[in-house]
Number of protein chains: 2
Amino acid sequence: MSFTYQYAHPAVTVDAVVFGFDESDLKVLLVQRAGEPHRGSWALPGGFVEMTEDLETAARRELAEETGLSRLFLEQLYTFGAPERDPRERVISVAYYALVKLMDHAVRAASDAKEVAWFPVADLPDLAFDHEEIVNMALKRLKGKIRYEPIGFELLPEKFPLSELQRLYETVLEQPLDKRNFRKKIQGMGLLQDTHEIQQDVAHRAARLYRFDQAAYQALRKRGFNFEL
Amino acid sequence: MSFTYQYAHPAVTVDAVVFGFDESDLKVLLVQRAGEPHRGSWALPGGFVEMTEDLETAARRELAEETGLSRLFLEQLYTFGAPERDPRERVISVAYYALVKLMDHAVRAASDAKEVAWFPVADLPDLAFDHEEIVNMALKRLKGKIRYEPIGFELLPEKFPLSELQRLYETVLEQPLDKRNFRKKIQGMGLLQDTHEIQQDVAHRAARLYRFDQAAYQALRKRGFNFEL
DNA sequence: GCAAAAGTGTTTCGGATACACCCATGC
DNA sequence: GCATGGGTGTATCCGAAACACTTTTGC
């Protein structure tokens, strides 16, 4: 089977930069390429867009297929289309970035035996194609957006102590934050619900666990509230 | 001549939302479609991406061809790819937004006799395809970005009075600003160069004309300065 | 009892806001 | 002389920043 057009058409792919956070650092999910070009190199999960599916749908499908991830926060990042970015043919890639709660989602390699693994953003391997550029743009976007939209919670487990939220912000923004000011500000927003639970199995005083209150956020937003940290 | 692929490929276009500002309001440049579908409707300037050109290059080329505009501020906005957005075939459009100094650039219709015209954003005609959605996203982007990057100057003539800058901000942000506070803040940034010229031919006291000092901005930015209004 | 992290208030400072009048010019 | 927009300064307020000690728990 083949497809013929009067004019040349590029191929269109979607690629996703999936971020995760564990106590110590920010990580990106990469897959090892099974085919040429760049066989064996690490790359962003992604693949070709089907003719009948939406771009975001394509990104979610590829993520599910290649990494087993679903139901995650996903947002379009930028479209990369330098003529020679793929040596095979002209390929335009619509890049997305995603945020996942690391604890909730064990990743599994796709059936076709490609490896899937998390890498700290501070220490990424060489990446295929222009994927390093894509990751850098995703990092910049995350860094910018986490300050004025409450997307950081997408990277934390449902229930979390304030110190973990602070560590996340410090990691992403790459700057230390004052503990008392941080707590005052975030608690003052009224977006955190006290679960009345505390940490288990910690070797020191256990912290209270909070939950992001999505309903309260939506209600506040309707009244003109703007998240900002 | 024709092109054949093993898998289906979508067509890829670029479309541009070009903003201009004249004393009274914010405008968007539209072209009247010469061909089907939507013949005669107003639409964003744009067209198919050539196989050997960059996406941004394609956007600039289409703008030059269809409207005569060149050398303008241009930035990628978002990629639209709903399967049915174009009735002919699957078309994925990489949208850009652009800012031009209205005075400096007289637009001219392309050779193939399509009409080109400026429309106030507050009063746009019905647009072809999903172009209304694209314009709305561009407006949102402009509104957000003008506050923390000095892109507003791209919409003004090289030399402008402070009142015109303020009117621009009030128009884009859709909110009135206090004259004294506005002047204090913008002048305090050290980004405006006094040209020592004044307005000509005005029926009242003539205002001083300023120029955006690009060099000063770059220097400040290196030292960690962030524009914000 | 000590290590490790949780939790908590007050003072200070700077930028944002609010606000009203005189000035220059053309007609 | 009047209409039109240009240009200017100060007081108040509020949120941001700076800052150190006590509490709880497991070992």
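Hydrogens, waters and symmetry mates play no part in the numbers below; they use all other heavy atoms, side chains included. Please read all numbers here as calculations on a predicted model, not as lab measurements.
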Neighbour count above 12 (heavy atom, 6.0 Å) for [X] [atom1]:
X	atom1	answer
Q218(A)	CD	yes
R147(A)	CZ	no
Q214(B)	CD	yes

Could you tell me how far apart I198(A) (CD1) and dA5(C) (C1') are, to the nearest whole angstrom?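 Atom CD1 in I198(A) sits about 13 Å away from atom C1' in dA5(C).
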Here the distance between atom P of dG9(C) and atom NZ of K184(A), to the nearest Å, is 11 Å
Does the plane of the ring in F80(A) sit parallel, tilted or perpendicular to the ring in Y78(A)? Use 30° and 60° as the thresholds.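 It falls in the perpendicular class, over 60°.
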Query - Mutual orientation of the aromatic rings belonging to F227(B) and Y217(B) [parallel < 30°, tilted 30-60°, perpendicular > 60°] - result: perpendicular
Between R167(A) and E23(A), is there a salt bridge with N-O shorter than 4.0 Å?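 No, E23(A) and R167(A) are not salt-bridged.
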task: Before accepting this row, confirm whether a basic side-chain N of the pair R208(B)/E197(B) lies closer than 4.0 Å to the acidic partner's carboxylate O.
output: no
Quiz item: Is there a donor in the side chain of E75(B) and an acceptor in the side chain of Y96(B), or the other way round, less than 3.5 Å apart?
Solution: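 Per modelled atom types, E75(B) and Y96(B) side chains form no pair under 3.5 Å.
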Query raised in the report: Is it true that the side chains of Q187(A) and Y210(A) contain a donor and an acceptor less than 3.5 Å apart?
Result: yes
Requested in this report: Walk me through it: do L139(B) and L26(B) pass the test side chain to side chain contact (heavy atoms under 4.5 Å, CB included)?
Outcome: CA-CA 10 Å; L139(B) 271 168; L26(B) 188 64; 3.9 Å; yes
What does K185(A) touch in the nucleic acid at a heavy-atom separation under 4.0 angstrom: a base, only the sugar-phosphate, or nothing?
sugar-phosphate
Exercise. Of the residues in residues 199-213 of chain A, which ones touch DNA chain D at a heavy-atom distance under 4.0 Å?
Worked result: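 The answer is V202(A), A203(A), H204(A), R205(A).
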Residues in residues 159-182 of chain B with a heavy atom under 4.0 Å of DNA chain D, by number, are S163(B), K179(B), R180(B)
Footprint ends on DNA chain D, 5' to 3', for atoms under 4.0 angstrom from a heavy atom of chain A, come out as dA16(D) to dG26(D)
